[in-house]
Amino acid sequence: MAVLIRVLDLQAALPGIRRMRRWGHRALDTAPGERALDVGSGTGSEVLEFARRVGDRGEAVGVDPNPAMLAAARERAAAAGVEARFVEGDAYRLPFEDDSFDVVRCERVYQHLDDPTAATAEIARVLRPGGRALLVDTDWQTAILHPGDPAVVARMTAAMLDTTPNATAGRSLRGLLVAAGFDIDDMGSEAVIWDPVTVRPMFDQLGRRALANGVITQQERDDLTAAIDAGIAIGDYLLSVTMFAVLAHLPPRR
């Protein structure tokens, strides 16, 4: 769990992730006194941002299926002196009553879901009429890895697309929200560029997965590793992937 938290912290520090999150909070415009929910809250950083925005009269809540992650988020909230609540649950069965929240955000969860339609229906259920939702996710088909043999990189990317439940989630967010009865208010995107500290773990993960699935050979992985390391050493490297965000609201009931 410590490794996962470290990876999430490194990703959160990437300029592209920071820009996307700032844009999302500005778009949601969470106000004092509102109730705000972060689905898949992870380390709790965005729940703490919600808490700062809703103030003492509001409530900031995070939901996550991982008890160890919830414990880490609670520790960080306590250390920051921020009032926030963290609840165990998953995107398919949010442990809240209907019409519980004014604002719901969900970042980089949909790519892991087999049934994103059900998760979107749950978000709609817990939002009050007029409530706002922000979905943010990645489209891994937009990934760029340089340097290296383009054919090997393409096979690695294809393997990841085949083994990730919803690898192109970012492109589907708008349609999912519309189908669930939301009105779309805005959209944003960011090509997140990974720095050397985060490039290597991501590349290693892609390489292990492709090798295990027989998509590349050990020699191809070794050659690609050498190319990436040489590129990083001289500053000639790139790993990027595009994230998309969709802001929407539930229209008032008739």
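For the numbers below, each heavy atom of this structure counts, side chains included, while hydrogens, waters and symmetry mates do not.
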Can you check whether G42's main-chain N or O pairs, donor with acceptor, with D64's side chain at less than 3.5 Å? yes
Between the side chain of T142 and the main-chain N/O of T242, is any donor-acceptor distance below 3.5 Å?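 Present.
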Taking side-chain contact (heavy atoms from CB on, under 4.5 Å) as the test, write out the residues that go with [X], two or more places apart.
X: T168; answer: D139, Q141, L161, R171
X: L4; answer: M1, L8, M69
X: E220; answer: V152, R155, I216, T217

Should D185 and H249 be marked as a side chain to side chain donor-acceptor pair (under 3.5 Å) after you check the CA-CA gap, both sets of side-chain angles, and the distance that decides it? CA-CA 7 Å; D185 298 310; H249 72 273; 2.9 Å; yes
Can you find a side-chain donor-acceptor pair between S172 and Y110 that sits under 3.5 Å? no
Going by atom types only, do D195 and T198 share a side-chain donor-acceptor pair under 3.5 Å?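 A pair is found: one side chain offers a donor N or O, the other an acceptor, under 3.5 Å apart.
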If you look at every heavy atom in [X] and [Y], which pair is closest and at what distance?
X: A12; Y: I17; value: CA-CG2, 4.0 Å
X: M243; Y: V192; value: SD-CG2, 3.5 Å
X: E190; Y: G16; value: CG-O, 3.4 Å
X: A124; Y: A180; value: CB-O, 4.3 Å
X: R132; Y: T30; value: NH2-CA, 3.6 Å
X: Y237; Y: W194; value: CE1-O, 3.9 Å

Under the salt bridge (Lys or Arg N to Asp or Glu O under 4.0 Å) test, which residues partner [X], sequence neighbours left out?
X: R18; result: none
X: R6; result: none
X: R221; result: none
X: R108; result: none

Answer yes or no: are there more than 12 heavy-atom neighbours, outside [X] itself, under 6.0 Å from its atom [atom1]?
X: Q218; atom1: CD; answer: yes
X: E83; atom1: CD; answer: no
X: D98; atom1: CG; answer: yes

Taking the side chain as C-beta and beyond, is there a heavy-atom pair between [X] and [Y] under 4.5 Å?
X: L239; Y: I228; result: no
X: L127; Y: D99; result: no
X: L247; Y: I184; result: no
X: V61; Y: V87; result: yes
X: C106; Y: V136; result: no

Using a strict cut-off of less than 4.0 Å between a Lys/Arg side-chain nitrogen and an Asp/Glu carboxylate oxygen, indicate whether [X] and [Y] qualify as a salt bridge.
X: R76; Y: D9; answer: yes
X: E59; Y: R85; answer: yes
X: E49; Y: R21; answer: no
X: R35; Y: D102; answer: no

Verify the cluster assignment for I123 and M187: are they in a single hydrophobic cluster under the rule of side-chain heavy atoms below 4.5 Å apart? yes
Is there a path of hydrophobic side-chain contacts, each under 4.5 Å between heavy atoms, that joins L173 and V109? yes
Could you state the interatomic distance from CG (L28) to CG (D186), rounded to the nearest 0.5 Å?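 Between L28 CG and D186 CG, I get 10.5 Å after rounding to 0.5 Å.
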Kindly determine whether L94 and R125 satisfy side chain to side chain contact (heavy atoms under 4.5 Å, CB included), including the steps that lead there. CA-CA 9 Å; L94 296 174; R125 181 185 66 79; 4.1 Å; yes
Other than L70, what residues sit in its cluster of Ile, Leu, Val, Met, Phe, Trp and Tyr side chains whose heavy atoms are under 4.5 Å apart, directly or through others? V47, F86
Checking one residue: I193. Which other hydrophobic residues are in its cluster under the side-chain 4.5 Å linking rule?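 Listed partners: I144, L238.
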Would you sort out whether T164 and N166 count as a side chain to side chain contact (heavy atoms under 4.5 Å, CB included), showing the intermediate values? CA-CA 6 Å; T164 302; N166 191 17; 5.9 Å; no
According to the ring-ring contact (aromatic ring centres under 6.0 Å, His included) rule, which pairs have a member within residues 205-233, sequence neighbours left out? none
Considering only residues two or more places apart or on different chains, which pairs with a residue in residues 15-52 satisfy ring-ring contact (aromatic ring centres under 6.0 Å, His included)? H25-F50
By ring pair (Phe, Tyr, Trp, His ring centres under 6.0 Å) - contacts of F244 (at least two apart):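 If we apply the ring pair (Phe, Tyr, Trp, His ring centres under 6.0 Å) test to F244, skipping adjacent residues, there are no hits.
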